[in-house]
Amino acid sequence: MNRKVRVRFAPSPTGGLHLGGVRTVLFNYLFAKQNGGDFIVRIEDTDQGRFVTGAEEYIFNTLKWCGLEPDESPIHGGPFAPYRQSERKAGYRRYAEQLVKEGYAYYAFDTPADLDAMRIQFKSAENPSPQYNQNIREKMKNSLTLNAADVSKLLAEHVPHVVRIKMPLNETVSFTDMIRGEVSFHTSQVDDKVLLKADGMPTYHLAVVVDDYLMKISHAFRGEEWLPSAPVHVLLWKYLGWEADMPQWAHLPLILKPDGNGKLSKRDGDRLGFPVFAMNWTDPATHETTTGFKEKGFLPEAFVNLLAMLGWNDGTDREIFSLPELIEKFSMERVHKGGAKFDYEKAKWYNHEWIRKLGVKSLEFGVRSEFEKAGIQITDGVLLGKVIGLVKDRCTLLPDFVQQGAFFFQSPGSIDIDAVKPKWDDDRNMFFTELIRAYALSTLWETHDLEKEFKELAAANQLKPGDLMLPFRIMLVGGKFGPGVFDIAAIIGKEETIQRIKHTLQLLQL
Ligand code: GLU
């Protein structure tokens, strides 16, 4: 059967988007685009208790920043709207009822107190957190243990109840995962998950299957943390009579802490000082802001590239890929089963490589806003372009442009006079005094001419240009950094160069 490729990213809007979530988006997107398919974003907001205002908007902003725009979504629209599960609420109950009618699910009337009592009663050393499963359901208040008349009465009286899947006894549920191959679960290991809640909302388990079916999803890619839920979903596909349409699954490897010990969490980022979320996220309850990769100064090209390499490679040593190149090269079969360790130094390396690779024009917008954030307004776009070209090889994150280039737009805030003083003497003082005179008369103001004049003057004074270069740099930029000194002088211009030399000479006299 030649099925149109339709993939979905199905986030629950509960907060900032972890880099693992963006990688799931990316792999979905790459697969869809490679196969001429559709990439759908469906908002899974059936758990109203976990709903967080602003989280959905944040998700779409993040996708926009990364350049991973969906073909269908609540904001892009599409033929299978609505794409928010809360807006599809009315449609789910009939599937839950169908499952009950056919004996694949049952009504459960247990109150929260009943469930607490069950957990205490059946708790043992071997079973520290008892689940509502095929052993325990026999002892609870549900349509399997009550007689039909009592069940009808309870339903008629609208006694709060849920619908649970009835895990079959002693069966093996298997499916083929595109990354892991054949995966099997024994039904005794899986509990009777709730499908429909007392408030009439479906749980994730029912909604994900119903919507993947109705939205004609051909491939479902999601994080490895969903693997334990897969047998429930596979059974639901079968029980609802849709087995032939079931998507092909791929459970993507976890992104691990830098030391490889467990899943990378937001807390690890806070502790180790690196971002974990794609963009800044402000928790609406606590007003606490968590810094994202974007605000830290990552380029979207680098972010997408580094995410692709967390768990995938093209079979060679190549590490730098643009989005179109990833679309061409990506294959789910080359995604590793094992978790991928996150290495922040390596992440920064990707950004550095992308800063080097991109042209001045592509960097301009991001760099300009970094300068503005630092309080430096850029009025001269040509100058900005020149500065970017000169310093980009020295920058790893976008704010580095400010550190490496602010002195092009304003006099240095401070001069590292201590780096000049120990070797300062009359000869040097004389040299720079003469340099001011020479430069003032200069009619040519290009890198090459400035360097020539400087060196000729040094030779005439029997001084080594190497000994004069560091003081000159410090005069112009304030410290021991920056690109070539004559390039700097050429760009800042005659007046400013002379002014900065004079200023440092005055400081040295104090
Ligand atoms: N709503 C689930 C989540 O928040 C989606 C899991 C899936 O893709 O099936 O990640």
Side-chain angles (χ1 to χ4, degrees), residues 4-45 54-85 87-88 211-212 214-223 247 250 252 275 277-281 292-295 298-310 312 321-332 335 350-351 354 358 361-366 369 398:
K4 166 125 204 221
V5 167
R6 288 181 51 82
V7 301
R8 87 298 194 273
F9 175 56
S12 300
T14 53
L17 200 52
H18 185 280
L19 70 155
V22 191
R23 191 197 52 181
T24 302
V25 174
L26 177 63
F27 286 7
N28 271 290
Y29 181 90
L30 296 177
F31 189 82
K33 297 299 143 189
Q34 187 175 68
N35 292 291
D38 300 325
F39 168 51
I40 294 120
V41 172
R42 182 177 67 227
I43 299 293
E44 303 211 323
D45 56 351
E56 181 186 310
E57 196 189 349
Y58 170 94
I59 290 167
F60 287 108
N61 288 341
T62 298
L63 300 197
K64 193 175 215 111
W65 177 61
C66 294
L68 305 172
E69 289 283 351
D71 299 301
E72 297 167 28
S73 84
I75 59 166
H76 298 79
F80 298 90
Y83 292 90
R84 262 183 220 103
Q85 287 183 331
E87 293 167 20
R88 303 170 69 84
D211 288 339
D212 281 351
L214 295 176
M215 295 184 177
K216 297 197 182 328
I217 299 303
S218 63
H219 296 77
F221 308 145
R222 57 188 180 188
L252 310 176
F277 287 166
M279 289 171 48
N280 271 13
W281 166 251
F293 279 86
K294 175 175 185 262
E295 291 76 5
F298 278 80
L299 296 167
E301 290 86 347
F303 186 54
V304 161
N305 189 164
L306 74 92
L307 287 181
M309 304 311 284
L310 284 170
W312 174 84
F321 295 90
S322 66
L323 190 56
E325 288 165 344
L326 287 170
I327 292 173
E328 193 195 317
K329 300 268 179 195
F330 182 74
S331 80
M332 202 49 92
V335 175
Y350 278 104
N351 209 54
W354 271 98
L358 287 182
K361 276 269 157 278
S362 315
L363 293 167
E364 227 171 73
F365 180 78
S369 56
L398 287 180

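The basis for the numbers below is simple: all heavy atoms, side chains too, and nothing from hydrogens, waters or symmetry mates.
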State, with a plain yes or no, whether a side-chain heavy atom of I40 is found less than 4.5 Å away from one of S73. no

Over all atoms of both residues, closest heavy-atom pair of G15 and A55: N-CB, 3.6 Å

Give a yes or no answer on whether the side chain of E44 reaches the backbone of S12 with a donor-acceptor pair at less than 3.5 Å. no

Inter-residue atom distance F9.CZ - R42.CZ, 0.5 Å rounding: 11.5 Å

Give a yes or no on whether the backbone of N280 and the side-chain of E295 come within a donor-acceptor separation of less than 3.5 Å. yes

D71 side, atom CG; H76 side, atom NE2 - distance, nearest 0.5 Å: 8.5 Å

Any heavy-atom pair between the side chains of V25 and C66 that's under 4.5 Å? no

To check you understand the geometry: which heavy-atom pair defines the closest contact between P70 and L63, and what is its length? CG-CD1, 4.1 Å

With side-chain contact (heavy atoms from CB on, under 4.5 Å) as the criterion, how do F303 and T62 come out once you've worked through the C-alpha distance, each side chain's angles and the decisive distance to 0.1 Å? CA-CA 11 Å; F303 186 54; T62 298; 5.5 Å; no

Inter-residue atom distance Y350.OH - F321.CZ, 0.5 Å rounding: 8.5 Å

Determine, stepwise, if the pair Y29 / L323 fulfils side-chain contact (heavy atoms from CB on, under 4.5 Å). CA-CA 10 Å; Y29 181 90; L323 190 56; 4.1 Å; yes

Please report whether the ring centroid of F330 lies less than 6.0 Å from that of F27. yes

For E328, the salt bridge (Lys or Arg N to Asp or Glu O under 4.0 Å) test, sequence neighbours excluded, returns none

Here the gap from S322 atom OG to W354 atom CH2, rounded to the nearest 0.5 Å, amounts to 5.0 Å

Return the minimal non-hydrogen interatomic distance between V41 and P74, and the atom names on each side. O-CD, 3.4 Å

Run the salt bridge (Lys or Arg N to Asp or Glu O under 4.0 Å) test against D38 and tell me which residues pass, sequence neighbours left out. K4, R6

Shortest non-hydrogen contact from W65 toward A278: CZ3-O, 3.9 Å

Member of L68, V7, L326 meeting the side-chain contact (heavy atoms from CB on, under 4.5 Å) criterion with L30: L326

Quick one: side-chain hydrogen bond (donor to acceptor under 3.5 Å, both in side chains) partners of E57, sequence neighbours excluded? none

Nearest 0.5 Å, please: how far is CZ in R88 from CG in L214? 6.0 Å

R23 CZ to L252 CG distance, which is reported to the nearest 0.5 Å: 5.5 Å

Hey, mind stepping through K329 and W312 against side-chain contact (heavy atoms from CB on, under 4.5 Å) and telling me if it holds? CA-CA 10 Å; K329 300 268 179 195; W312 174 84; 4.0 Å; yes

Begin from the C-alpha positions of L306 and N351 and carry the test side-chain contact (heavy atoms from CB on, under 4.5 Å) through to its verdict. CA-CA 9 Å; L306 74 92; N351 209 54; over 6 Å; no

Closest heavy-atom pair, P275 versus G292, reported as atoms and distance to 0.1 Å, is CB-C, 3.7 Å

Exam field: side chain Y58 to backbone M279, donor-acceptor pair closer than 3.5 Å: yes

Residue pair A220 / D212: nearest heavy atoms and the distance that separates them: CB-OD2, 4.4 Å

Do any N or O atoms from the side chain of N305 and from the backbone of E301 form a donor-acceptor pair under 3.5 angstrom? no

Please examine the side chains of R84 and E56, heavy atoms only from C-beta on, and report whether any two atoms are closer than 4.5 Å. yes

